[in-house]
Structure formats: C-alpha cells, structure tokens
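Chain letters run A, B, ... following the sequence lines, proteins first, then strands; residues in each count from 1. Only this structure's heavy atoms are used, side chains among them; waters, hydrogens and symmetry mates stay out.
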2 protein chains.
Amino acid sequence: MRLVIARCSVDYAGRLSTHLPPAVRLLIVKADGSVLVHTDDGGYKPLNWMSAPCTMVEEPVAEGADGEDTGWRVWRITNRGGETMTITVSEVLHDSAHHLDPGPGLVKDGVEKQLQALLSERCHVVRPDLQLVRREYPTDIGPVDLLCRDGDGGYVAVEIKRRAEIDGVEQLTRYLSRLRPALGGNVEGILVALDFKPQARVLAAERSIACVQVDYDELRGVESAFLRLF
Amino acid sequence: MRLVIARCSVDYAGRLSTHLPPAVRLLIVKADGSVLVHTDDGGYKPLNWMSAPCTMVEEPVAEGADGEDTGWRVWRITNRGGETMTITVSEVLHDSAHHLDPGPGLVKDGVEKQLQALLSERCHVVRPDLQLVRREYPTDIGPVDLLCRDGDGGYVAVEIKRRAEIDGVEQLTRYLSRLRPALGGNVEGILVALDFKPQARVLAAERSIACVQVDYDELRGVESAFLRLF
DNA sequence: AATTAGATCTCGACT
DNA sequence: AGTCGAGGTCTAATT
C-alpha cells in the first residue's frame, strides 16, 4: 500500500463525470491497484476512486514549446470498460509504501439472517397460530424467507427485514403472486421487521399484507429463556 | 489527518457486531474524528469505520497483577447511539499527521437530473406528440419526473432512469395508480432510460408501460444542434 | 456473465 | 429530526 499526501486535482470520466479542483488530499494506492482519494472531512467513502482491476500510469507533465518538465506528475488510471480517473499532482507532501497483511476475514454477526433464524424457530411470535413449513421456501423468482401454515391449514408467506421499506412490500407481493397459483389458493402475506417506514405500512395495508414489528432484544431474550429451560 | 500503519485487532459493536483478528492494517483518523480501518485488498470501503460525530480515547493496556504496561494501546471510539469500535494496537509501524485542505466541492455531471432536464425541454424525443405539462409533477407518494399531454389530449406520465430496473417499473406503476383517479381517466406510462434490464422490459410490457431507450450523447447532440441554430 | 437482495449501506434533499 | 429517493451505489450469493 502506498500513501501519498499531495496537492492534486482529480477528474473522473465513466458512468458520470466529476471534477475536483486542486487541494491537498490523501491518495491511497492499494496492492491490487485500486486508488482512493480521501479528504479530511466527510467520511467513510472516498471522494473519488477506481476499483481493481485497473492499471495506473504515472508520467511527468511537460510544458511549453521546449517541453520542459514542470515537476508536476499525472496519474492515469483506467479500467476495462473505459472509465478513467486522472490525478494531476502538483506537490507531494508525503509518499510512503507499506507492507500490509492480507486480511483475515471480517466476522459479522447479527444481521437479517440471524433474525430469520430466530423467527424460523419461533414463528408463533409472528402470529400464535403459525407453524413453519420451510425456511427459504423456493419460488421461481427466489426464496421467500418463511412459509408457514396457519390454524385453518392455509398458507402464510413471511418476509423478514431489519427495516421494512417499500421495496420489501413489493418483494413480498411478487412472492405472493407466484405462491398463490403454485399452492393452489389463498396465501396470506406478513411482513416482519424491527421497524417500519410509514410508506411501507401504507402500501402493505393497500395490499392486505400484515405488518408485525418485533424487538430484537426481546426476541433474543425469548430465545435465551427457551435455551435455559431445556 | 492522522495515518497509522499498525498491527491491530478491531471490534465493532453497534447495529451489528464484527471482529477482526490481529493483522497489519491502515488506520485513518480524520479531522472530524471519524476513523477508518483499511486493508490492502478489497477496495473502496473500509473494513471497519466510525463516522463523525464520535469521540476517541487512546489508553495503554495494562497487564498482570502489577499493572505493568504492555506497550499495547487501545483506541476506544464511541458515538451517540452507543456504537463502539475498539482497536487494540500491538505494534505501530508508521504514525504521521498531515494538514489537508478542507475540500472544495466535488462537481458532478451526467446523472439522472441532467437527463431529466434535457428530456423536459425535448420531450418529443420520447414520443413526437408529447407536450410537457410539468416537470416533477407531485402526487401524494412523491413527484413523477414528467407529466405530459399527448396528441389526443390524454395524459402521459414519464419516469426517467439512467438504468431501468424492475424498481423503476414498480415506481411508475405506483404513480399511475395515483394519477389515474386524480386526473380523472386514462393516463399512459412511459419509462425512459439509457439502458434497460431485460426484466424491466418484461414487467413493463405486462403493465402496458412503454419503454423508450435514449442515447445520452445523442440527446446532448440534439441539444447542441438546437442551440447552434438559434 | 447476469440477476437478486442486503448494506453498520451512505448521501443529499426536502419536510 | 425523520422520510424518501438515488448511488460511479458496492458486495456477496446464486443461477
């Protein structure tokens, strides 16, 4: 990894065009060739970047009739697909290279999948009469999170989100449109989430999809109590 | 901005929990207090991060009964909301601070808004008989990009995307379901984009929504020719 | 290669 | 502060 602090201007041309006027910024060149341009404010995401695979050519900037070297350097970074990032460096304040470890993977815990696992084992939390038929029940446009049967022997499709937005309602609607013919009859839809955007509730109501809000800590608490008992 | 190359492990606890085992990584502390953890592979996005506003406390790690200093240091970064990132640093290979310019803004060009502006002035490109009623015509679920009248005095709602996907069809469908009662009658829908995913075309066809593909350069060319004439 | 759905999404605009 | 829509979304999983 190479770290450069430099006064530079940056131009990107690809899916859109952007221009950054000259200023002192951080340039990161990673081992895989990708380049990031960061400022001191803002956060998280680079002002400009080029992802690997890409190639960088660094060349001097000549000026005038005699082609005298200006001391400036231009970095031309391109990828397949013809996107280009051009960094014109007029002053280098820091330039160092470092050997970093190839990262051991990031271990994640606690996302939607976990919620699905918890609810698949306790779908009565969603509605007391529900009994799980199958988790990740397949349809021809992808698997619905939970397929259950209710007290009357009817089917209930459950879509689980950390945060329910309008897209979640659309998604469940598409599943229902496939499940209803496939299961030969009525299939209810329930959207379960830790919290709901108002628009999601409105659209769900329009389509007779129930919304059930669950609490993550409570859900884990129930789970812990369950484990403690057995 | 502070740049540190260090052997470290990282734990994040907040919206989810993550753990990174010890390895040599890049730590960036920005002027606003935000902290980024980068590796040499992957790209664009940090392995872990904490966005501003947040506060960092750096303290030595004591060990044993006598509390002898291990030479290790732990960075505790917290924000409002109780999210925490804990970086345990066992070896520092580089540590430097730099003064960067507060960035002059990034200038963007070529996004959907530009496309909308171009098409609002030349909606006959979409279909020759169209005449603009209003750009960003409001409905109770948000504004539709263009509302036009056609040759027969009927209404046409136009949704514009850089890339038309299934969501764009859903979005236009929702607008139409609001516009039809509001405008008292038939309202056609047209989806305009630089390119179309096949599934978007299929769903649009099912719903009698026309798909019109436009070329960005051509659109700007038409515009230039127009300006050159007058 | 293409498609789908998630993300500690982030980011900006608007209310 | 909350909501909503867009993103050079990116990213991983699956077909």
Side-chain angles (χ1 to χ4, degrees), chain A residues 11-18 34 37 42-52 54 79 81-85 105-106 108-116 136 138-145 159-168 170-172 174-175 195-203, chain B residues 10-18 34 36-37 42-52 54 77 79-85 105-106 108-113 115-116 136 138 140-145 159-163 165-168 170-171 174-175 197-200 202:
Chain A
D11 289 277
Y12 162 79
R15 278 162 284 183
L16 54 72
S17 300
T18 66
S34 55
V37 181
Y44 178 79
K45 120 180 202 186
L47 278 172
N48 276 111
W49 71 94
M50 185 71 80
S51 298
C54 63
N79 66 2
E83 293 180 291
T84 62
M85 182 164 66
L106 180 68
K108 290 189 181 187
D109 175 32
V111 243
E112 182 184 318
K113 203 141 269 181
Q114 191 112 13
L115 202 58
Q116 194 192 103
E136 299 280 359
T139 77
D140 57 354
I141 53 165
V144 65
D145 287 334
E159 180 65 29
I160 300 165
K161 296 282 173 203
R162 192 176 61 79
R163 182 172 173 76
E165 305 187 16
I166 210 162
D167 283 357
E170 300 286 17
Q171 193 181 347
L172 180 51
R174 290 196 295 272
Y175 288 139
D195 75 315
F196 283 81
K197 285 202 178 185
Q199 284 206 340
R201 284 192 192 276
V202 171
L203 188 62
Chain B
V10 185
D11 289 276
Y12 163 78
R15 279 161 284 184
L16 54 73
S17 301
T18 67
S34 55
L36 315 182
V37 181
Y44 180 81
K45 131 179 194 184
L47 278 172
N48 277 110
W49 71 93
M50 184 74 77
S51 298
C54 62
I77 304 126
N79 65 2
R80 287 68 148 171
E83 294 179 291
T84 63
M85 183 164 66
L106 181 67
K108 289 190 181 185
D109 174 32
V111 240
E112 183 184 317
K113 202 141 272 183
L115 203 57
Q116 196 192 102
E136 300 279 359
D140 57 354
I141 53 165
V144 65
D145 288 333
E159 180 64 29
I160 301 166
K161 295 285 172 200
R162 192 177 59 79
R163 183 173 172 77
E165 306 186 14
I166 208 164
D167 283 357
E170 302 284 18
Q171 193 181 347
R174 290 195 298 271
Y175 289 140
K197 285 203 177 183
Q199 287 210 341
V202 171

Visitor: Quick one: side-chain contact (heavy atoms from CB on, under 4.5 Å) partners of A:Asn79, sequence neighbours excluded?
Guide: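 side-chain contact (heavy atoms from CB on, under 4.5 Å) check on A:Asn79 returns A:Met50, A:Cys54, A:Glu83.
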
Visitor: Taking the P atom in each of C:dT8 and D:dG5, what is the distance between them to the nearest angstrom?
Guide: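 Each nucleotide's P atom is 22 Å from the other's.
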
Visitor: Strictly below 4.0 Å: does B:Arg162 bring a side-chain N or O up to OP1 or OP2 of D:dG8?
Guide: no

Visitor: May I ask you to verify if any side-chain N or O of B:Trp49 is less than 4.0 angstrom from the OP1 or OP2 atom of C:dC9?
Guide: no

Visitor: What is the distance, to the nearest angstrom, from the CD1 atom on B:Ile166 to the P atom on D:dG5?
Guide: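 Distance check: B:Ile166 CD1 to D:dG5 P gives 17 Å.
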
Visitor: May I ask you to say what A:Asp167 touches in the nucleic acid, namely base, sugar-phosphate or nothing, with a heavy-atom cut-off under 4.0 Å?
Guide: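 If one applies the 4.0 Å heavy-atom cut-off, A:Asp167 turns out to touch nothing in the nucleic acid.
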
Visitor: Counting any heavy atom closer than 4.0 Å, what does B:Tyr175 reach on the DNA or RNA strands: base, sugar-phosphate only, or nothing?
Guide: nothing

Visitor: Does OP1 or OP2 of C:dT10 have a side-chain N or O of B:Arg15 closer than 4.0 Å?
Guide: yes

Visitor: Which one, C:dT8, D:dG8, D:dG5, comes nearest to the side chain of B:Tyr12?
Guide: C:dT8

Visitor: Excluding sequence neighbours, so at least two apart, what forms side-chain contact (heavy atoms from CB on, under 4.5 Å) with A:Asp167?
Guide: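 Expected list: B:Asp167.
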
Visitor: What are the atom names and distances for every N/O pair under 3.5 Å that joins the protein to nucleotides 11-15 of chain C?
Guide:
{"from": "C:dC11", "atom 1": "OP1", "to": "A:Gly43", "atom 2": "O", "distance (Å)": "2.9"}

Visitor: Would you indicate which nucleotide in D:dG8, C:dT8, C:dG6 comes nearest to any side-chain atom of B:Thr18?
Guide: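 So the side chain of B:Thr18 is nearest to C:dT8.
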
Visitor: Using a cut-off of 4.0 Å on non-hydrogen atoms, how would the nucleic acid contact of A:Arg174 be classed: base, sugar-phosphate, or nothing?
Guide: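 Counting heavy atoms under 4.0 Å across all strands, the contact made by A:Arg174 is with sugar-phosphate only.
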
Visitor: Can you sort out the partners of A:Leu203 under side-chain contact (heavy atoms from CB on, under 4.5 Å), two or more places apart, ordered by chain and number?
Guide: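 A:Leu203 satisfies side-chain contact (heavy atoms from CB on, under 4.5 Å) with A:Ile166, A:Val169, A:Glu170, A:Glu206, A:Arg207, B:Arg174 only.
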
Visitor: Does a side-chain N or O of A:Lys108 approach OP1 or OP2 of D:dA12 to a distance below 4.0 Å, or not?
Guide: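 No, outside the criterion.
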
Visitor: Starting at the 5' end of DNA chain D, which residue's closest nucleotide do you reach first, A:Ala200 or A:Met50?
Guide: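 Closer to the 5' end of DNA chain D: A:Ala200.
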
Visitor: Rounding to the closest angstrom, what is the interatomic distance between C:dC11 and D:dT11 at atom P?
Guide: 15 Å

Visitor: Counting any heavy atom closer than 4.0 Å, what does A:Lys161 reach on the DNA or RNA strands: base, sugar-phosphate only, or nothing?
Guide: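 It contacts sugar-phosphate atoms only.
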
Visitor: OP1 or OP2 of D:dA6 sitting under 4.0 Å from any side-chain N/O of B:Gln171?
Guide: yes

Visitor: For the pair made of CG in A:Leu172 and P in C:dG6, what is the distance, rounded to whole Å?
Guide: 12 Å

Visitor: Round to the nearest Å and state the distance from B:Glu170 atom CD to C:dA5 atom C1'.
Guide: 14 Å

Visitor: Which residues pass the side chain to side chain donor-acceptor pair (under 3.5 Å) test with B:Glu165, not counting sequence neighbours?
Guide: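 So B:Glu165 forms no side chain to side chain donor-acceptor pair (under 3.5 Å) with any residue.
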
Visitor: Once ring-ring contact (aromatic ring centres under 6.0 Å, His included) is applied, do any residues pair with A:Phe196, and if so which ones, sequence neighbours excluded?
Guide: none

